[in-house]
Enquirer: 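Below are the structure tokens for one structure; questions will follow.
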Amino acid sequence: MNIIVCIKQVPDTNEVKIDPDKGTLIREGVPSIINPDDKNALEEALRIKDEYEDVRVIALSMGPAQAELALIEAVAMGADEGILLNDKAFAGSDTWATSTALAEAIKNIGEFDIIFCGQQAIDGDTGQVGPQIAEHLNIPQITYVEGLKLEASKVRAKRRLEDGYFIIEAELPLLITATKALNQPRYPSIRGIYEAFKGDRIKVLTAKDLGIEEYKVGLKGSPTRVSRSFTPELKAGDLVMIEGSPKEQAEGLIVKLREARII
Amino acid sequence: MDFTLSKEQEMVRKVMKEFAEKEVKPIAADIDKRGRFPRENVEKMAKYNMLGIPFPVEYGGAGGDDMAYVIAVEEISKVCATTGVILSAHTSLACWPIFTYGTEEQKQNYLIPLARGEKLGAFALTEPNAGTDAAGIQTVAVLDGNNYILNGSKIFITNGGQADIYIVFAKTDKTKGTRGISAFIVEKDRPGFSIGKIEDKMGIRASSTAELIFRDCIIPKENLLGKEGKGFKIAMSTLDGGRIGIAAQALGIGEGALEETIKFIKERQQFGRPLAKFQGLQWMIADMATNLEAARLLVYRAAFNKMKGLPYNKEAAMAKLFAANTAMDVTTKCVQLHGGYGYTKDYPVERMMRDAKITEIYEGTSQVQQMVIAANVLK
């Protein structure tokens, strides 16, 4: 069984500081981490690997050369190998171009049974890449998964909704996007770290290696345009204390919300 | 000269930091309060090969290096000095002498389960009348056929009562002074071996510090570690390495206390502004950060020498002397900067101050470190 886990290296937003004058993120010196939801995706793959024989887990990422470290960490956690898509041609890719490249890389790997992705990345927050990969590959997808059971050639997944959940069954091969509730990711072991850095566990591929036409990826292949990015101004609202009994307070609140045309 | 860590060591730091924050920190105050040995921390560390970091994979270790081990002790000690010393005593004082002086059979039988973390180790040298004067030990081992018969007692043994395998020092020849001391590997279930008093301590309260009692304890001859009469040399060289571990623990305690204090003084307001805006307090912070950086360089230097096979007796003593002194000084000032809050158990700095004190005492008091340093410098 082949499992592919898509991971993204992101800045650790817990460590990001804001430049007080410019209002922009200070990225310098901010450590890079594996996107947290992607760690849940990887953990689920590793759990299947722990449970069943002959499971190969391949971690796949697209990014700058330093993203290799995220793949090494994935190998240190227990993935069998890592593939990094690294090419100037990929620079500036939006979610569409990214999913195009990742889908091509997955076709290049060949056989697979499950693709795991995190539900979304903490930097871009789009949640689009996973579903797009499934569309490119024309396979079923189950997003926002918080529980998963593998049964022969199908899976039973618990898919989170805002006020409940679905239980969904689907045939392999398919794509799953993982939520934090799915599992508790393991740490890389110390032995795993030293072994992951040895030898050639990480393969680096370019657009040419995958046979992707350059116009399909990078800025050229990205229909999304960022027209402006800005920090929203913080508006200090007027503070009104609504007093009285709980009933009076609730009524007062409804009045205020109606006045503001919120309800 | 190159101050950068290897990529492996950097990743070890990242993982240890995350592990310490998520797994160890949440229970640190509680186990201190209850004096409860954190068995779950030992099991979790074992799972991720943290209990055998510098030893080869074929002996159950992680295949890492001394620097990674020191970083691990430092990161763990930032949040919990108790767990730091459990790790340090196990690795430096129990695994290391077997790795260095053990026969292949002893490594197979004892080092592998220790380095895998399936078993916990301890080192038993100190006795009621032999602390700094380690040559004065009175525990005796008499050869009787294929066995040694061990009689005597040990005190203040870190991991005592919790460990499965003990490196025990005893006199095999009373007439020969330090050359009459031998080292033995003793399993916890040997007949005649029992645990006595468990100490109620000021700091590192969740670590187990115990008395060991040997009454006609029979040890097979194969459990002699190194040659007969070489025990003192084994003990001293083991402590040289152990000191780097304790220096790393002291460093971690100091760094942990400073991190907590920086967070506190940025938030705590007096006279209409955060404490961090007062220059007098900034100067205290600057001095503490500088001393900790100096301690860190000494600790890493000693670990570097050990890793490269260079002499490290003096370097380890200097690292421990300075790091322990700095830890005590920094944690005391951190309590001061917290004011009344710092004196309560609502904040971790009072625990860190209690924990720091032991680093000036065990594995050679600061005065012993000064003796070692002076002997090196004056020779």
Side-chain angles (χ1 to χ4, degrees), chain A residues 7 9-15 17-18 20 29-40 42-43 46-47 50 59 64-79 82 84 122 180 183-202 204, chain B residues 5-26 41 43-76 87 90-91 95 112 115-117 259 262-263 266 307:
Chain A
I7 65 172
Q9 191 185 47
V10 295
D12 187 350
T13 48
N14 292 322
E15 304 275 337
K17 288 177 182 144
I18 310 273
V30 176
S32 294
I33 56 169
I34 295 177
N35 179 53
D37 292 350
D38 301 353
K39 272 200 171 177
N40 296 92
L42 179 58
E43 174 63 31
L46 295 175
R47 274 164 56 150
D50 288 344
Q66 59 144 357
E68 190 181 6
L69 271 180
L71 290 169
I72 288 174
E73 191 177 335
V75 171
M77 282 171 75
L84 176 65
I122 52 171
K180 276 186 193 60
N183 53 42
Q184 180 67 46
R186 68 194 66 187
Y187 301 93
S189 73
I190 307 296
R191 184 186 300 170
I193 292 171
Y194 278 83
E195 280 171 3
F197 276 101
K198 276 181 207 149
D200 45 358
R201 304 284 288 274
I202 312 299
V204 180
Chain B
L5 296 172
S6 73
K7 284 177 178 169
E8 288 89 342
Q9 291 155 357
E10 286 287 2
M11 195 173 281
V12 168
R13 178 184 299 288
K14 192 174 147 207
V15 170
M16 291 309 306
K17 196 178 178 65
E18 197 184 340
F19 177 84
E21 286 287 330
K22 287 193 184 153
E23 309 293 331
V24 182
K25 190 177 182 178
N41 288 353
E43 283 164 11
K44 285 177 191 169
M45 288 194 287
K47 187 173 165 193
Y48 295 109
N49 324 116
M50 293 167 185
L51 291 172
I53 294 173
F55 307 108
V57 171
E58 61 263 36
Y59 290 123
D65 53 57
D66 291 299
M67 191 67 84
Y69 159 60
V70 156
I71 288 167
V73 176
E74 178 190 355
E75 289 300 329
I76 295 275
L87 170 62
H90 168 86
T91 309
C95 295
I112 290 176
R116 280 187 185 153
E259 275 175 25
I262 288 170
K263 215 162 53 184
K266 279 182 173 175
M307 194 170 73

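We name chains A, B, ... by the order of the sequence lines, and we start the count at 1 in each one.
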Enquirer: Pick from B/E23, B/M16, B/K14: which one makes a side-chain contact (heavy atoms from CB on, under 4.5 Å) with A/Y187?
Expert: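 When side-chain contact (heavy atoms from CB on, under 4.5 Å) is applied between A/Y187 and each of B/E23, B/M16, B/K14, only B/E23 qualifies.
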Enquirer: Given the options B/G52, B/S6, B/G64, which has more heavy-atom pairs under 4.5 Å with chain A than any of the others?
Expert: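 Option with the greatest count: B/G64.
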Enquirer: Does the salt bridge (charged side-chain N to carboxylate O under 4.0 Å, His left out) test come out yes or no for B/E18 and A/K39, once each step is laid out?
Expert: CA-CA 14 Å; B/E18 197 184 340; A/K39 272 200 171 177; 3.7 Å; yes
Enquirer: If I compare all heavy atoms of B/A62 with all of A/Y194, which pair ends up nearest, and what's the gap?
Expert: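 Looking at all heavy atoms of both residues, the closest pair is O-CB, 4.1 Å.
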Enquirer: Look at B/E8 together with A/R191 and state whether they make a salt bridge at an N to O cut-off of under 4.0 Å.
Expert: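 So B/E8 does not pair with A/R191 through a salt bridge.
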Enquirer: Testing B/M11, B/M45, B/M50 one by one against A/I190 for a side-chain contact (heavy atoms from CB on, under 4.5 Å), which residue passes?
Expert: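 Testing each of B/M11, B/M45, B/M50 against A/I190, the sole residue satisfying side-chain contact (heavy atoms from CB on, under 4.5 Å) is B/M50.
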Enquirer: Go through the atoms of A/E195 and report whether side chain, backbone, both or neither lie under 4.5 Å from a heavy atom of chain B.
Expert: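 Contact with chain B is through the side chain of A/E195 alone.
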Enquirer: Looking at A/D50, I want to see if its CG is surrounded by more than 12 non-hydrogen atoms of other residues, nucleotides or ligands under 6.0 Å.
Expert: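 Counting neighbours around CG of A/D50, more than 12 heavy atoms of other residues, nucleotides or ligands fall under 6.0 Å, so yes.
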Enquirer: With a 4.5 Å limit on heavy-atom distance, are the side chains of A/R186 and B/Y48 in contact?
Expert: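 They are in side-chain contact.
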Enquirer: Kindly give the heavy-atom pair with the smallest separation between A/G192 and B/N49, and that separation in Å.
Expert: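 Smallest interatomic distance, heavy atoms only, reads N-OD1, 4.4 Å.
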